[in-house]
Amino acid sequence: MPEQPSRPLRADALRNRQRLLEAAVRAFSRSGAEVTLEQIARDAGVGIGTLYRHFPTREALVEAAYRNELERLCDSAAELLERLPPEVATRAWMDHFIDYLATKREMADALRLVIAAGTNPFAQSRDRLIAAVDRLLTAGAAAGTVRSDVDPGDVLAGLSGVSLAAGGREQRDQAQRLLDLLMDGLRYRRAD
């Protein structure tokens with residue numbers, strides 16, 4: 001029997017789902033995999049039945065929470081470009097990336113449960129991140145403020161390196177300086 005297409009969620013159901021995802025990220029980041037689903041539902045202001053309607057298992061909730069964070073990060077590239085010059089948008093996105101990796105690191109125990117259950121929550125992460133970086137670099141190159149010869153994968157590797165060196169929330173000042181250096185390397189310079 002063919003699978004029936006799912007109906008779009010009502011506005012209140014979408015709000016509840018989003019509140020659950022935000023509460024889950026906070027809880028899994030703070031308490032790891034040990035947090036109860038009842039606590040997450042309570043923190044989101046919904047009942048446990050609502051949580052299970054959206055996410056039938058703990059692993060489904062963890063994976064959805066991670067993917068939601070990835071989606072928010074990647075979507076923020078376009079949002080930043082709508083309101084900021086490309087060079088400024090790129091630098092602001094770098095801050096978002098460091099926050100995203102800090103959250104991912106804090107959720108590591110919970111994410112290991114998803115992987116142990118046989119799912120790869122990171123399957124499309126790199127491609128999505130590369131696309132977001134490419135969008136920012138392309139806009140910067142078109143504006144003449146960012147070099148056009150930069151590989152998005154190299155920028156992503158540089159950002160990951162900054163996160164490894166200074167990705168803790170308590171290392172934010174050092175991360176800012178390192179991101180400024182990385183951004184300085186991306187700027188287009190006219191030959192004098």
Side-chain angles (χ1 to χ4, degrees), residues 6 9 12-77 79-80 91-133 153 155-179 182:
S6 61
L9 292 175
D12 62 329
L14 280 172
R15 279 190 305 273
N16 287 341
R17 184 178 194 284
Q18 190 59 40
R19 287 195 333 237
L20 282 164
L21 291 172
E22 290 167 3
V25 167
R26 285 190 308 271
F28 291 129
S29 295
R30 183 179 57 240
S31 304
E34 302 304 314
V35 68
T36 66
L37 296 182
E38 290 80 4
Q39 184 62 50
I40 292 172
R42 198 169 24 256
D43 290 348
V46 301
I48 191 68
T50 299
L51 184 146
Y52 280 118
R53 267 193 300 283
H54 290 281
F55 311 103
T57 65
R58 174 181 296 273
E59 291 80 9
L61 177 59
V62 172
E63 182 174 5
Y66 166 73
R67 288 185 188 271
N68 187 61
E69 290 298 297
L70 174 68
E71 184 176 322
R72 285 175 46 187
L73 171 66
C74 293
D75 290 350
S76 74
E79 294 162 8
L80 288 165
R91 180 58 183 81
W93 192 86
M94 289 178 174
D95 286 328
H96 294 320
F97 181 84
I98 297 300
D99 290 339
Y100 156 79
L101 282 185
T103 299
K104 181 179 161 186
R105 207 172 8 263
E106 292 165 351
M107 289 182 62
D109 289 341
L111 287 165
R112 278 192 274 282
L113 291 176
V114 174
I115 294 166
T119 303
N120 180 0
F122 313 118
Q124 299 166 356
S125 298
R126 181 170 169 72
D127 291 342
R128 301 258 347 255
L129 291 166
I130 291 287
V133 171
V155 173
L156 191 59
L159 289 169
S160 297
V162 169
S163 177
L164 285 172
R169 298 202 191 271
E170 71 285 352
Q171 297 171 296
R172 186 50 110 178
D173 289 343
Q174 183 181 24
Q176 294 297 309
R177 292 189 305 272
L178 293 171
L179 292 175
L182 180 58

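If you're wondering where the values come from, they're calculated on a predicted model, not measured in any experiment.
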* Any chance you could lay out the side chain to side chain contact (heavy atoms under 4.5 Å, CB included) test for Thr119 and Glu63, step after step, and finish with the verdict? => CA-CA 9 Å; Thr119 303; Glu63 182 174 5; 3.1 Å; yes
* To do: Step through the shown structure and confirm whether more than 12 heavy atoms of other residues, nucleotides or ligands are within 6.0 Å of CD on Glu34.
  => no
* To do: For the pair Asn68 and Gln18, evaluate side chain to side chain contact (heavy atoms under 4.5 Å, CB included) and give the outcome as yes or no after the intermediate values.
  => CA-CA 9 Å; Asn68 187 61; Gln18 190 59 40; 3.2 Å; yes
* Donor-acceptor pair between Gln39 and Arg42 side chains, under 3.5 angstrom -> yes
* **Spacing of Arg15 atom CZ and Asp12 atom CG [to the nearest 0.5 Å]** => 5.5 Å
* Structure fact -> Partner of His54 under side-chain contact (heavy atoms from CB on, under 4.5 Å), picked from Leu14, Leu61, Leu20, is Leu20
* Identify the heavy atoms of Ala110 and Ala33 that sit nearest to each other, and give their distance. => CA-CB, 3.9 Å
* With side chain to side chain contact (heavy atoms under 4.5 Å, CB included) as the test, would you mind laying out the steps for Leu129 and Arg126 before giving the verdict? => CA-CA 5 Å; Leu129 291 166; Arg126 181 170 169 72; 5.8 Å; no
* Structure fact -> Taken to the nearest 0.5 Å, the spacing of Leu164 CG from Leu159 CG works out to 11.0 Å
* To do: Identify the heavy atoms of Trp93 and Ala132 that sit nearest to each other, and give their distance.
  => CZ2-CB, 3.8 Å
* Asked: Under 30°, 30 to 60°, or over 60°: which ring-plane class applies to Tyr100 and Tyr66, parallel, tilted or perpendicular?
  -> tilted
* Asked: Ignoring hydrogens and geometry, is there a side-chain-to-backbone donor-acceptor pair from Ser160 to Leu156 under 3.5 Å?
  -> yes
* Taking the side chain as every heavy atom from C-beta outward, state whether Arg72 and His96 have any pair of such atoms under 4.5 Å apart. => no
* Asked: So, for Gly158 and Leu182, which heavy atoms are closest and what is the spacing to 0.1 Å?
  -> C-CD2, 4.1 Å
* Closest approach of Val62 to Met107 (non-hydrogen atoms, all atoms of both residues) -> O-CE, 4.1 Å
* Asked: Roughly how far, to the nearest 0.5 Å, is OG1 of Thr36 from CG of Asp43?
  -> 8.5 Å
* **Test: Asp95 and Arg91 ion pair at under 4.0 Å** => yes
* State the CZ-CG distance between Phe28 and Leu111, to the nearest 0.5 angstrom. => 9.0 Å
* Looking only at heavy atoms, what is the nearest atom pair of Ala44 and Arg19, with distance? -> O-NE, 2.9 Å
* To do: Return yes if some donor-acceptor pair links the side-chain N/O of Arg128 with the main-chain N/O of Leu73 below 3.5 Å, else return no.
  => no
* If you measure from CG on Leu51 to CD1 on Ile48, what distance do you get to the nearest 0.5 Å? -> 4.5 Å
* **Gap between atom CD of Gln171 and atom CG of Leu178 - 0.5 Å precision** => 9.5 Å
* Closest approach of Val162 to Ala175 (non-hydrogen atoms, all atoms of both residues) -> CG1-O, 4.1 Å
* To do: Give a yes-or-no answer on whether the side chains of Ser29 and Arg26 include a donor-acceptor pair shorter than 3.5 Å.
  => no
